[in-house]
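Encoded as structure tokens, the structure appears first; notes follow it.
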There are 2 protein chains.
Amino acid sequence: MNIGEVAQASGVSAKMIRHYEEIGVIPKISRSMAGYRQYGEADVHMLRFVRQARELGFSMPEVKTLVGLWRNKRRKSGEVKKLALEHVVRLEAKIQQLSGMSKTLKHLAHCCKGDERPECPILDKLDSP
Amino acid sequence: MNIGEVAQASGVSAKMIRHYEEIGVIPKISRSMAGYRQYGEADVHMLRFVRQARELGFSMPEVKTLVGLWRNKRRKSGEVKKLALEHVVRLEAKIQQLSGMSKTLKHLAHCCKGDERPECPILDKLDSP
DNA sequence: TATAAACCTTCCCATCATAGTAAGGTCCAG
DNA sequence: CTGGACCTTACTATGATGGGAAGGTTTATA
């Protein structure tokens with residue numbers, strides 16, 4: 001398969017496939033005589049893996065580690081699980097942060113009449129220490 | 001006040017104050033004869049406002065709009081409230097998205113033994129379509 | 001067989017908010 | 001008057017992604 005075909009099949013853009021190769025998230029692939037990258041079925045799976053790890057919010061360094069584990073048939077599943085649970089912790093922290101913002105804003109908005117007049121507790125609150 | 005002092009007082013770095021001025025989030029400030037930016041008390045409030053709007057997750061274009069409303073004494077509080085509530089909607093959507101990721105990961109991690117062996121439903125799941 | 005379309009390659013640029021650095025000018029205290 | 005702390009602009013980088021240009025390859029069609 002050429003890069004366009006594997007991009008289609010995996011859902012990762014050709015642009016990003018080259019980028020992932022360049023930064024070492026996926027290994028360098030063999031080339032045709034003309035220099036075209038040549039992919040097989042396993043590569044479709046690998047790229048799909050990368051895409052889905054990204055969709056779960058893993059950082060690029062984590063994805064790189066995960067791809068290494070995915071390719072290593074002697075991996076310990078404990079390592080994978082550890083990464084996953086650490087990521088859950090970060091996700092929950094982010095959720096807490098966003099919930100805090102949302103709560104604050106909802107409270108401020110609730111205090112604001114929201115009419116034609118200029119008085120606005122939202123603006124008032126935002127410039128005080 | 002010079003930029004360092006107002007940075008200290010507002011909690012916005014001098015670097016970012018110059019940047020905000022350049023991209024028009026805050027108005028251009030007057031200069032001393034030597035070209036130094038000269039700030040007053042109101043500018044401390046304005047910068048604090050920008051910082052706190054950012055901390056609530058508003059985008060830069062939104063902050064720009066909010067600063068405009070903050071400076072406009074004939075604003076309608078309804079406009080501010082509308083922006084705030086739209087942002088709440090986006091925050092809640094983001095929270096839903098992250099919650100989905102977290103839930104998926106927790107489920108996968110729960111299914112993974114997490115021991116010395118290579119079998120791992122997390123990795124298996126991530127390369128399937 | 002010639003050519004055009006549809007690929008591929010590398011390289012460069014842009015995003016966005018933020019930080020760092022360098023080179024040079026200014027202000028103040030000793 | 002000099003040293004240090006401040007200021008100025010301008011350039012660089014980040015990280016994941018997209019866009020485009022210039023040029024080579026493959027394939028289908030006239």
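Nothing here was measured: the structure is a model prediction, and the numbers come from that model. Throughout, a chain's letter reflects where its sequence line sits, starting with A, and its residues are numbered from 1. Just so it is clear, the values below take in all heavy atoms, side chains as well, and ignore hydrogens, waters and symmetry mates.
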field: Test salt bridge (charged side-chain N to carboxylate O under 4.0 Å, His left out) applied to B/Glu41 - qualifying residues, sequence neighbours left out
entry: none
query: Does B/Ile17 reach the side chain of B/Tyr39, with side-chain heavy atoms less than 4.5 Å apart?
result: yes
Dump the pairs, protein N or O against N or O of nucleotides 1-4 of chain D, anything under 3.5 Å, distances to one decimal.
none

Test item: B/Ser32 and B/Gln38 side chains (from C-beta on) under 4.5 Å apart, heavy atoms: yes
- request: Report yes if some heavy atom in the side chain of A/Val67 is under 4.5 Å from a heavy atom in the side chain of A/Met46; otherwise report no.
  value: yes
query: Going by heavy atoms in the side chains, are B/Lys73 and A/Pro118 under 4.5 Å from each other?
result: no
- prompt: salt bridge (charged side-chain N to carboxylate O under 4.0 Å, His left out) with B/Glu62: which residues, sequence neighbours excluded?
  reply: B/Arg90
query: Under the salt bridge (charged side-chain N to carboxylate O under 4.0 Å, His left out) test, which residues partner B/Asp115, sequence neighbours left out?
result: B/Arg117
query: For the side chain of B/Arg75 and the backbone of B/Trp70, is there at least one donor-acceptor N/O pair under 3.5 Å apart?
result: yes
task: Kindly indicate whether the side chain of A/Tyr20, heavy atoms from C-beta on, has any atom under 4.5 Å from the side chain of A/Met60.
output: yes
- request: Whole angstrom is fine here: how far is it from CG in B/Asn2 over to C1' in C/dG25?
  value: 14 Å
Output a table of donor-acceptor pairs, distance under 3.5 Å, between side-chain atoms of residues 47-57 of chain B and any protein atom two or more places apart or on a different chain; print 'none' if there are none.
unit_1	atom_1	unit_2	atom_2	d
B/Arg48	NH2	B/Ala9	O	3.4
B/Arg51	NE	B/Ser10	O	2.7
B/Arg51	NH1	B/Glu55	OE2	3.2
B/Arg51	NH2	B/Ser10	O	3.4
B/Gln52	NE2	A/Leu126	O	2.9
B/Gln52	NE2	A/Ser128	O	2.6
B/Arg54	NH1	B/Phe58	O	2.8

Bend angle of the helix from C/dT1-D/dA30 to C/dG30-D/dC1, from helix axes over five pairs at each end, nearest 10°: 30°
query: Which of residues 37-67 of chain A sit near DNA chain D, with a heavy atom under 4.0 Å from it?
result: A/Arg54, A/Met60
- request: Please list residues of residues 3-27 of chain B whose heavy atoms come under 4.0 Å from any atom in DNA chain D, ordered by number; otherwise none.
  value: B/Ile3, B/Gly4, B/Lys15, B/Arg18
Quick test: give all pairs of protein nitrogen or oxygen and nucleotides 24-26 of chain D nitrogen or oxygen below 3.5 Å, distance rounded to 0.1 Å.
unit_1	atom_1	unit_2	atom_2	d
D/dG24	N2	A/Tyr36	OH	2.7
D/dT25	O4'	A/Tyr36	OH	3.2

task: First locate atom CG of B/Leu69, then atom CD1 of A/Ile122, and finally report the distance between them rounded to the nearest 0.5 Å.
output: 10.0 Å
Run the side-chain donor-acceptor check on residues 100-114 of chain B: report pairs under 3.5 Å with partners two or more places apart or on a different chain.
unit_1	atom_1	unit_2	atom_2	d
B/Ser102	OG	A/Glu92	OE2	2.5
B/Thr104	OG1	B/Gly100	O	2.9
B/Lys106	NZ	A/Glu92	OE2	3.2

field: salt bridge (Lys or Arg N to Asp or Glu O under 4.0 Å) partners of residues 4-27 of chain A, not counting sequence neighbours, each pair once
entry: A/Glu21-A/Arg31, A/Glu21-A/Arg37
query: Does CD in A/Gln8 sit with more than 12 non-hydrogen atoms of other residues, nucleotides or ligands closer than 6.0 Å?
result: no
query: Who passes salt bridge (charged side-chain N to carboxylate O under 4.0 Å, His left out) against B/Arg71, sequence neighbours left out?
result: none
